[in-house]
K.L.:
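Quick one: this structure, given as structure tokens, is what I'll be asking you about.
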Amino acid sequence: MKLKIECLSAGYDKDFVIKDLSLSVNQGEFLSLLGPSGCGKTTLMKAVAGILPAQGGRILLDGEDITSLPIHKRGTVIVFQDMRLFPHMTVEENVAFPLKMQGVSRSGRLEQARDLLEKVQMGGFLDRRPSELSGGQQQRAALARALAARPRLLLLDEPFSALDENLREDMRNLVLQLQREFHMTVVLVTHDREEALSMSDRIALMFSGRLVQTGTPKEVYLRPESRLAADYFGDCVYINGTVSGGRFTGGGLDCPVPFLSQEFISQAIPFPADAPVPGPSVPDGPCRLMLRPGSLEPDRTGGYFLTVEQVSFRGGSVLVSLRSDDGDLWKKAFSGPVDLAPGDRIQASVRTQDGVLFPA
Ligand SMILES: Nc1ncnc2c1ncn2[C@@H]1O[C@H](COP(=O)(O)OP(=O)(O)OP(=O)(O)O)[C@@H](O)[C@H]1O
Ligand SMILES: [Mg+2]
């Protein structure tokens, strides 16, 4: 089922939380919606599900305008952040409920419910009431209930937030497996960047009620169009420098100009509105080169020198703060034991071709 959101506005009372937002999610696609707390992710999910009325724009499912359809006619299911199971029903009855609505026989729906509850590792809690479950157990029962409905569009609003890392990994795999099996279109709201990067076909990044970038995980991580998007995925190093004759120099680096961010293109290159797509010619002037720690590699033959400032043990990895001789700070995680101490000198090379150019 293809979801198309066109210029949607929604909010509470007269305040718009989201305004003129457009987004498409293809049939069978897994899209993660990421963004800081309060930016409007849940509001968008509620508007798509029909819990909150749209105050402008349209929502289309497979081309059909569902903007004014009541919740139960939309064929969407949402696992809420503040999800509520039916308090008067047992866990098993809760999960069997959507199947009852679909007319599945009692024995058939209880069997499917038990099977799903087994899959979310809740097989031992069939007869409990929701009030007798922990937060994480309630979350898994709610997930099982959502999956039982076999929706063609599944909206998941932080469905794993109350789970510990091991369970979280199991539930992620389960959702991915069922998504592929039933060709569900999924929108997952999460705060967990790694979760979004690893699970999704595409990511939509939201700030203050608007989308700042949508793209594949690699595109949004490696090719951020704005500093907002770059910083959201953390650990950026911005190296001040200048562009001259198509080369970047600064911070001890000298390299051909790499990828240009949209922000650089729109601020640094004064194009007339009707000009063709910018070519490779980049105007000379000051700018900043954004790099991520993955582009820094210890290398005895490298010409980039750094001094260790801090070493912090993180269990599976060690986070090392390194200051380059030109004053740029890198925070790089090394896996396995690291024999480094503050004051140590490191020689490295930098994969400048991974860089993204931003305005100064
Ligand atoms: N029922 C409500 N009435 C009025 N304002 C609300 C209501 N629910 C949310 N808001 C406001 O709308 C804005 C967006 O909230 P929303 O719940 O969509 O954020 P979110 O992106 O889901 O955040 P989080 O990541 O913390 O869940 C916030 O400023 C919030 O305070
Ligand atoms: Mg929310």
Side-chain angles (χ1 to χ4, degrees), residues 3-25 30-59 66-67 70-71 74 76-85 135-136 138-143 145-147 151 153-165 168 171-172 175 185-200 202-215 217 220-221 224 226-234:
L3 168 67
K4 192 154 190 252
I5 300 168
E6 290 179 351
C7 300
L8 186 73
S9 298
Y12 308 92
D13 299 324
K14 288 193 182 62
D15 293 335
F16 288 128
V17 171
I18 50 178
K19 190 140 175 48
D20 288 338
L21 185 145
S22 297
L23 174 69
S24 285
V25 190
F30 195 114
L31 179 127
S32 290
L33 184 60
L34 270 175
S37 183
C39 73
K41 304 179 297 295
T42 296
T43 305
L44 177 60
M45 291 299 98
K46 285 183 176 171
V48 172
I51 296 158
L52 196 68
Q55 288 166 295
R58 298 200 304 165
I59 302 163
I66 59 147
T67 321
I71 302 172
R74 296 197 177 197
T76 57
V77 168
I78 181 164
V79 176
F80 268 128
Q81 206 168 7
D82 53 355
M83 129 295 300
R84 293 278 172 269
L85 294 160
Q138 288 183 39
Q139 225 172 23
R140 281 180 284 152
L143 183 63
R145 189 177 62 181
L147 294 168
L153 173 61
L154 179 64
L155 307 173
L156 298 172
D157 194 349
E158 298 194 42
F160 316 125
S161 58
L163 308 178
D164 64 57
E165 197 42 53
R168 212 176 250 238
M171 294 305 118
R172 283 177 194 148
V175 168
T185 306
V186 180
V187 180
L188 170 77
V189 173
T190 174
H191 279 129
D192 188 321
R193 286 140 230 222
E194 276 183 30
E195 186 166 285
L197 290 168
S198 66
M199 288 183 84
S200 324
R202 270 191 316 141
I203 289 175
L205 182 58
M206 192 181 207
F207 275 84
S208 307
R210 59 186 190 92
L211 295 180
V212 296
Q213 188 167 357
T214 34
V220 293
Y221 185 79
S226 59
R227 270 171 288 193
L228 217 51
D231 293 339
Y232 189 77
F233 288 97

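As the structure lists them, so they are numbered: ligands from 1, and atoms in each ligand from 1. A quick note: this is a predicted structure, and the numbers were derived from the prediction, not measured.
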K.L.:
For the side chain to side chain contact (heavy atoms under 4.5 Å, CB included) test, which of L8, L155, V17 pairs with L44?
P.N.:
L8
K.L.:
Does ligand 1 have any atom sitting under 4.0 Å from a heavy atom of G40?
P.N.:
yes
K.L.:
Output all residues satisfying side-chain hydrogen bond (donor to acceptor under 3.5 Å, both in side chains) with T214, sequence neighbours left out; order by chain, then residue number.
P.N.:
none
K.L.:
Counting each atom of ligand 1 from 1 as listed, which ones have a heavy atom of V17 under 4.0 Å away?
P.N.:
12 (O), 13 (C), 14 (C)
K.L.:
Any idea which atoms of ligand 1 are less than 4.0 Å away from a heavy-atom of T43?
P.N.:
14 (C), 15 (O), 16 (P), 18 (O)
K.L.:
Could I get the full list of ring-ring contact (aromatic ring centres under 6.0 Å, His included) partners for Y232, not counting sequence neighbours?
P.N.:
F207
K.L.:
Do you know which of I51, L52, V187 makes side chain to side chain contact (heavy atoms under 4.5 Å, CB included) with M45?
P.N.:
V187
K.L.:
Can you sort out which atoms of ligand 1 are near E158, meaning under 4.0 Å from one of its heavy atoms?
P.N.:
25 (O), 27 (O)
K.L.:
What distance separates L156 CG from T190 OG1, expressed to the nearest 0.5 Å?
P.N.:
10.5 Å
K.L.:
Answer with yes or no whether the side chains of Q213 and S226 bring together a donor and an acceptor at under 3.5 Å.
P.N.:
no
K.L.:
Answer with yes or no whether M206 contacts ligand 1, where contact means a heavy atom under 4.0 Å from a ligand atom.
P.N.:
no
K.L.:
Checking only N/O/S atoms, does S37 have one that is under 2.8 Å from the Mg ion (ligand 2)?
P.N.:
no
K.L.:
Would you check the N or O atoms of C39, main chain and side chain alike, for any that come under 3.5 Å of an N or O of ligand 1?
P.N.:
yes
